[in-house]
Amino acid sequence: MIPIKEEENKRILTGDRPTGKLHIGHYFGSLQNRVKLQNQYETFIEVADVQALTDNFNNPEKVKRNVNQIVMDQLSVGIDPNITTIFLQSMIPEIAELTVFYSNLVTIARLQRNPTVKTEIAQKKELFKESVTYGFLGYPVSQAADITAFDATIIPVGEDQLPLIEQCREIVRKFNSIYGETLKEPKAYLGENKRIKGLDGNEKMGKSLGNAIYLSDSKEEIAKKVMNAITDPARIKKDDPGDPSKCMVAYYHNLFTKNEYENICDECRKGKRGCVACKRQLISSINKELEPIREKRRYYEERPELVREILMEGTKKAQIIAKETMKKVKQAMKLDY
Ligand code: TRP
């Protein structure tokens, strides 16, 4: 983690795999951070469709379908396309080219030791059966290409991405030591809120876990999900004393009804607050936070051409920068024919 201060020439890059809509775990974990940081630093947001294919190669429709969703999610939380560049990975061939060059600088053993990759491979037994693909094992190399193609040095990510940034730093150091000082070493930037638990109390909120609140959920969907959230199981009657530390509704009040959180917990502990009323209050807090986001989303949903234009304009800008980097890299590698 690095202290953020105003500095010239610093560039932010971050990305999302277009495999589903973004949820409030992303919102508190990284999107709010991006919105804040875009005013301080030149920001690039990659829609990582090529990376998404590494574990969805058999489902290209899903990746394609989610590209626009990801762009709309960014715009609806307040990413400003006039100051932030949103671009599509597959339209930057230099990233693929850099990936090939960097693949000489990393060993298979090192990739297999990467804790993030290791965990993901274990989770994807179904897809990879006995043996993982070359593409998936190598996605940290491709992510190093994402970052270095744009000379980005500040990478706002969740904790799970730290091993990937570390791997990128190693590749950069190796490249520079062999071919001369060319690439910049990036640093991970962790926001204040790290990981948001799921509605079921699971440590992770995830698309695949079915325990997420999506930024695009309707009022009805929010109500249904909150009504089913896990509360203190020992609390049966309304005036039983509750334990907010065992209750997901209290946990979310701490995110969405922050100012009243202490009071809410106090009332719960004293048995002065019924769970149903408590859930209703949470539904209303969540809706208050999400309504402006939904409204912006509706605006963009009605204008698919505008969404496409924003992505294509951003991609054009990204292409120019990636080309400049490629020139420097090829010179360093004596490939400048
Ligand atoms: N691996 C990231 C994720 O799954 C997405 C990503 C792709 C990314 N390229 C990146 C993040 C570059 C930071 C920088 O969330």
Side-chain angles (χ1 to χ4, degrees), residues 1-2 10-23 25-31 33-34 37-38 41-56 62-63 66-67 69-71 73-74 79 84-92 94-96 98-99 102 111 114-121 123-124 135-169 171-172 183-191 194-196 204-208 212 314-315 318 321-322 325:
M1 175 136 151
I2 51 162
K10 288 237 169 173
R11 199 172 270 161
I12 287 181
L13 182 130
T14 186
D16 300 293
R17 297 182 188 186
T19 52
K21 294 178 185 181
L22 299 182
H23 52 62
H26 298 114
Y27 181 61
F28 289 107
S30 67
L31 296 174
N33 218 353
R34 288 179 195 179
L37 290 171
Q38 69 178 345
Y41 300 103
E42 191 185 6
T43 299
F44 285 75
I45 298 176
E46 176 180 278
V47 182
D49 58 345
V50 178
Q51 188 178 113
L53 284 168
T54 60
D55 58 344
N56 290 280
K62 172 174 151 193
V63 175
N66 281 297
V67 166
Q69 295 296 337
I70 291 281
V71 178
D73 279 330
Q74 314 286 336
I79 291 296
T84 292
T85 307
I86 307 176
F87 69 95
L88 189 59
Q89 185 185 12
S90 62
M91 290 181 75
I92 315 285
E94 286 79 10
I95 294 176
L98 288 173
T99 305
Y102 297 167
L111 288 166
N114 183 311
T116 306
V117 177
K118 226 164 132 174
T119 313
E120 286 175 307
I121 292 173
Q123 286 166 350
K124 295 174 205 295
F136 189 82
L137 185 66
Y139 96 75
V141 184
S142 156
Q143 188 157 318
D146 295 341
I147 293 168
T148 53
F150 302 97
D151 270 345
T153 51
I154 306 175
I155 318 300
V157 284
E159 244 176 353
D160 63 315
Q161 293 289 304
L162 293 179
L164 288 150
I165 309 304
E166 191 47 42
Q167 186 123 44
C168 175
R169 289 161 59 84
I171 290 171
V172 168
L183 305 171
K184 289 192 184 145
E185 213 174 305
K187 286 199 178 99
Y189 174 79
L190 287 177
K194 287 173 202 156
R195 179 168 275 181
I196 307 297
K204 196 175 170 186
M205 179 175 281
K207 290 172 246 210
S208 49
T315 302
I321 298 171
T325 304

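Because the structure is a prediction, the values reported are computed rather than measured. Positions are given from 1 along the sequence. We count ligands from 1, going down the list as the structure has it; atoms in each ligand are counted the same way. Side chains included, hydrogens not; waters and symmetry mates left out as well; all remaining heavy atoms used.
- Judged as a salt bridge (charged side-chain N to carboxylate O under 4.0 Å, His left out), the pairs with a partner in residues 47-56 (not counting sequence neighbours) are, in order, Arg17-Asp55, Asp55-Lys124.
- For ligand 1, one of its N or O atoms has an N or O atom of Asp146 under 3.5 Å away.
- In this structure, the side chains of Ile86 and Ile79 come closer than 4.5 Å at one or more pairs of heavy atoms.
- Applying the 4.0 Å criterion to heavy atoms of Ile155 picks out, from ligand 1, the atoms 13 (C), 14 (C).
- Applying the 4.0 Å criterion to heavy atoms of Val157 picks out, from ligand 1, the atoms 13 (C).
- For the pair Asp16 and ligand 1, the shortest N or O to N or O distance does not fall below 3.5 Å.
- Counting protein heavy atoms only, atom 4 (O) of ligand 1 is closest to Arg17 NE, 3.4 Å.
- Any N or O atom pair closer than 3.5 Å counts here, and Gln51 shares at least one such pair with ligand 1.
- The protein atom (non-hydrogen) at minimum distance from atom 6 (C) of ligand 1 is Gln143 OE1, 3.6 Å.
- For atom 5 (C) of ligand 1, the closest heavy atom belonging to the protein is Gly15 O, 3.5 Å.
- The shortest distance between side-chain heavy atoms of Tyr139 and Leu164 falls below 4.5 Å.
- Between the side chain of Glu94 and the backbone N or O of Ala149 there is no donor-acceptor pair closer than 3.5 Å.
- Atom 3 (C) of ligand 1 has its closest protein heavy atom at Gln161 NE2, 3.5 Å.
- Separation of the Tyr41 and Tyr189 ring centroids does not fall under the 6.0 Å cut-off.
- With a 4.0 Å heavy-atom cut-off, ligand 1 is reached by the side chain of Glu46 but not by its N, CA, C or O.
- At a cut-off of 3.5 Å, with distance as the only test, a side-chain donor of Gln143 or Gln161 sits close to an acceptor on the other residue.
- By the 4.5 Å heavy-atom criterion applied to side chains, Ile45 and Val71 are not counted as neighbours.
- Using a 4.0 Å cut-off to heavy atoms of Ala48, the atoms of ligand 1 that qualify are 7 (C).
- For ligand 1 and Leu13, the ligand atoms under 4.0 Å from any heavy atom of the residue are 12 (C), 14 (C).
- By the side chain to side chain donor-acceptor pair (under 3.5 Å) test, Gln123 pairs with no residue at all, sequence neighbours left out.
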